[in-house]
Amino acid sequence: MTTYADLLIDTANRAYERFVRAFDGVSVEQANAFPVVSSAPQIKSMTWLAWHTARELDFQIAALNGATPLWHSQAWKNRFPFTVTDDEQDWRHTPEQAQRIQTDSTETVLGYLKAATDAAAAYIVTLREADLDDIVDENWTPPVTRGVRLVSIIDDAVMHSGQVFYARRLLGLTD
């Protein structure tokens with residue numbers, strides 16, 4: 001690895017691969033289950049964690065790239081049995097809202113995550129190093145650069161890829 005792009009893409013791909021390993025051998029019912037809903041309802045399902053990660057990659061990369069999110073352009077929204085608005089801040093989901101996020105197929109949620117990861121990589125390789133210094137959000141002090149936003153997006157994916165193993169273990173499943 002020699003460039004910032006290689007590092008960012010490798011990190012995003014590792015997070016995706018961790019999700020794939022976590023979902024190995026997991027039924028749809030297990031993936032959709034909140035592992036300790038009675039004692040810790042804020043610990044989300046494996047499905048929610050994978051979907052949220054895909055959505056964050058998808059919508060935030062699309063915003064940076066000036067593109068339509070894959071949720072719409074590839075009709076991923078039609079493949080899930082729930083609806084959410086584009087401006088719904090899923091990272092703020094209450095336990096009740098998060099429990100609506102279900103899948104009929106673990107392949108679907110992992111497919112969306114793969115598509116979003118691939119779109120992030122495709123975008124990252126188009127950037128020049130100087131592009132990383134572009135200000136993309138002036139709502140923060142200091143303003144957020146493209147590079148900082150990319151690190152934030154991928155860091156979120158990495159964090160959730162670890163949480164999905166925690167949820168798996170709370171369901172009583174081994175690694």
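One is the number of the first residue; the rest follow in order along the sequence. These numbers were taken from a predicted model, which means no experiment stands behind them.
Considering every non-hydrogen atom in both Arg149 and Trp140, the closest pair reads NH2-NE1, 4.3 Å. Scanning all heavy atoms of the two residues, the minimum distance from His72 to Phe59 falls at NE2-CZ, 4.3 Å. In terms of heavy-atom proximity, Ile101 sits nearest to Trp48 at CG1-CD1, 3.6 Å. Pro81 and Gln102 get closest at one heavy-atom pair: CD-O, 3.4 Å. For the pair Ala116 and Ala54, the tightest heavy-atom approach, listed with the atom from each and the gap, is CB-O, 3.4 Å. Between Ser45 and Ala31, the shortest heavy-atom distance links the atoms CB-O, 3.4 Å.
In this structure, a donor-acceptor pair under 3.5 Å is present between the side chains of Thr3 and Asp6. Side-chain polar atoms of Tyr16 and Asp118 form no donor-acceptor pair below 3.5 angstrom.
Put simply, the side chain of Gln60 does not reach to within 4.5 Å of the side chain of Asp156, judged on heavy atoms. Ile135 has its side chain within reach of Thr145: a pair of non-hydrogen atoms, C-beta onward, lies under 4.5 Å apart. Using a 4.5 Å cut-off on side-chain heavy atoms (C-beta onward), Ile43 and Phe34 make no contact. Between Gln30 and Met46 there is no side-chain heavy-atom pair separated by less than 4.5 Å. The shortest side-chain heavy-atom distance between Glu56 and His52 falls under the 4.5 Å cut-off. Side-chain atoms of Val28 and Asp104, non-hydrogen and from C-beta on, never get closer than 4.5 Å to each other.
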Could you walk me through whether Asn32 and Thr47 satisfy the side-chain hydrogen bond (donor to acceptor under 3.5 Å, both in side chains) test, starting with their C-alpha distance in whole Å, then the side-chain angles of each, then the deciding distance to 0.1 Å, before giving a yes or no?
CA-CA 5 Å; Asn32 288 335; Thr47 295; 2.8 Å; yes
Report the C-alpha distance between Ile153 and Leu64 in whole Å, list the side-chain angles of each, state the deciding distance to 0.1 Å, and finish with yes or no for side-chain contact (heavy atoms from CB on, under 4.5 Å).
CA-CA 11 Å; Ile153 294 166; Leu64 289 174; 4.1 Å; yes
Start with the C-alpha gap between Trp71 and Val84, add the side-chain angles, then the distance that decides, and say whether side-chain contact (heavy atoms from CB on, under 4.5 Å) holds.
CA-CA 11 Å; Trp71 187 249; Val84 294; 4.1 Å; yes
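Of the candidates Val109, Asp58, Thr108, Trp76 forms a side chain to side chain contact (heavy atoms under 4.5 Å, CB included) with just one, namely Thr108.
Taking NE2 of His160 as the start and OG1 of Thr53 as the end, the distance is 5.0 Å to the nearest 0.5 Å. Residue Glu107 holds its CD atom at 10.5 Å from CZ of Phe23, rounded to the nearest 0.5 Å.
Atom OH of Tyr166 is surrounded by 12 or fewer heavy atoms from other residues, nucleotides or ligands within 6.0 Å.
Between Arg146 and Asp131, no side-chain nitrogen of the basic residue sits less than 4.0 Å from a carboxylate oxygen of the acidic one, so the salt-bridge criterion is not met.
Ile61 is connected to Val151 through a chain of hydrophobic side-chain contacts under 4.5 Å among Ile, Leu, Val, Met, Phe, Trp and Tyr, so both are in one cluster. Cluster annotation: Leu127 is connected to Val148 through the hydrophobic network of ILVMFWY side chains, with a link wherever side-chain heavy atoms come within less than 4.5 Å. Taking hydrophobic clusters as Ile, Leu, Val, Met, Phe, Trp and Tyr residues chained together by side-chain heavy-atom distances below 4.5 Å, Leu110 shares a cluster with Leu173. One hydrophobic cluster, built from ILVMFWY side chains closer than 4.5 Å, holds both Val125 and Tyr123. Linking ILVMFWY residues whenever their side-chain heavy atoms come closer than 4.5 Å, directly or via other members, places Val20 and Val26 in the same cluster.
In terms of modelled atom types and a separation under 3.5 Å, the side chain of Thr11 and the main chain of Leu7 share a donor-acceptor contact.
When the side chain to side chain donor-acceptor pair (under 3.5 Å) test is applied to Arg55, the partners found at least two apart in sequence or on another chain are Asp90.
Ring planes of Trp51 and His93: parallel class, angle under 30° (limits at 30 and 60°).
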